[in-house]
Amino acid sequence: SVFQQGGESVAASSGPLSACAIQELLAQEWQRARGSRGQLAVILLRSLHRGERGQSQHAAAILSELLPSARVGAYDRHALLIVCPQTRAEVAVQLARTFAVRLSGRGRIAAGVAAHPEMASSPAELVSAAERAARRANGAEPVILAPALPYVVEPRASYSAPAGGVLADL
């Protein structure tokens, strides 16, 4: 695994990234997904038992096997963030379920999944949605999909108020 944590010149690698490098990668993938109207999913894996450590190398190995385009990195002391470019929410949920099973020998994990564009309007919102979903996860239901954002119609200049009738009286 080849990457520099100081200059953040991250080469294609299967090893876990630093917290700074994974955030930088997320920002780049966010811009790419927005520019191409593509999909982007994140998975936040959190240990249900605070004492567990050393899952990042194992998670990176599993990820390189299951979804080579995705990358894993540190989120905080007890959580990992997985950035899944060009991945729909349903695929990310399946990936998270696979992680929950494959990492179960190393202790139980909770996973939150969020996807662009359905669940966030910024990279920070995307991670926050995944984090909130992971907090709702438990031993019985280890993977939670974040709720979609409420649909909002963009105001358009071509709308005009009705000149008469029932709607004009409102």
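Since we're looking at a predicted model, the values are computed, not measured. Note that these values count all heavy atoms, side chains included, but never hydrogens, waters or copies made by symmetry.
- For the residue pair Arg136 and Leu145, the shortest heavy atom distance occurs at NH2-O, 3.8 Å.
- Within the 4.5 Å cutoff, the side chain of Leu45 has no heavy atoms near those of the Tyr75 side chain.
- With rounding to the nearest 0.5 Å, the separation of CG in Leu149 from CE in Met119 is 8.5 Å.
- Contact check for Val83 versus Leu40: side-chain heavy atoms found under the 4.5 Å cut-off.
- Two residues are said to be in side-chain contact when any heavy atoms from C-beta on lie closer than 4.5 Å; Pro16 and Leu80 fail this criterion.
- Not counting sequence neighbours, the partners of Glu65 by the side-chain hydrogen bond (donor to acceptor under 3.5 Å, both in side chains) test are Arg102.
- To the nearest 0.5 Å, atoms CD1 (Ile43) and CG (Leu95) are separated by 4.0 Å.
- Across all non-hydrogen atoms, the minimal contact from Ala61 to Ser64 is O-OG, 2.9 Å.
- Using a cut-off of 4.0 Å between Lys/Arg side-chain N and Asp/Glu carboxylate O, Arg46 and Glu131 are scored as salt-bridged.
- Using a 4.5 Å cut-off between side-chain heavy atoms of Ile, Leu, Val, Met, Phe, Trp and Tyr, with links allowed through other members, Ile144 and Val113 fall into different hydrophobic clusters.
- Note: Leu44 CG to Ile109 CD1 = 10.0 Å, rounded to the nearest 0.5 Å.
- Residue Ala74 comes nearest to Ile22 through the heavy atom pair O-CG2, 3.4 Å, listed as atom of the first residue, atom of the second, then distance.
- At least one donor-acceptor pair closer than 3.5 Å links the side chain of Thr87 to the backbone N or O of Pro85.
- Pairs passing the ring-ring contact (aromatic ring centres under 6.0 Å, His included) check and including a residue from residues 20-48, sequence neighbours excluded, read Trp30-His116.
- Nearest heavy atom pair, residue Ala114 against residue Ala130, reads CB-N, 3.8 Å.
- Distance check: Ser18 OG to Glu24 CD gives 8.5 Å after rounding to the nearest 0.5 Å.
- Applying the salt bridge (Lys or Arg N to Asp or Glu O under 4.0 Å) rule to pairs touching residues 30-44 yields Glu29-Arg32, sequence neighbours excluded.
- Looking at residues two or more places apart in sequence or on another chain, you find a side-chain hydrogen bond (donor to acceptor under 3.5 Å, both in side chains) between Arg97 and Gln94.
- With sequence neighbours excluded, the residues forming a side-chain contact (heavy atoms from CB on, under 4.5 Å) with Arg88 are Gln39, Glu90, Val91, listed by chain and number.
- Listed here is the closest heavy atom pair of Ala134 and Ala110: O-CB, 3.6 Å.
- The salt bridge (Lys or Arg N to Asp or Glu O under 4.0 Å) contacts involving residues 116-126 comprise nothing, where partners must be two or more places apart or lie in separate chains.
- Inter-residue side-chain proximity for Gln23 and Leu81 is flagged as met; some heavy-atom pair is nearer than 4.5 Å.
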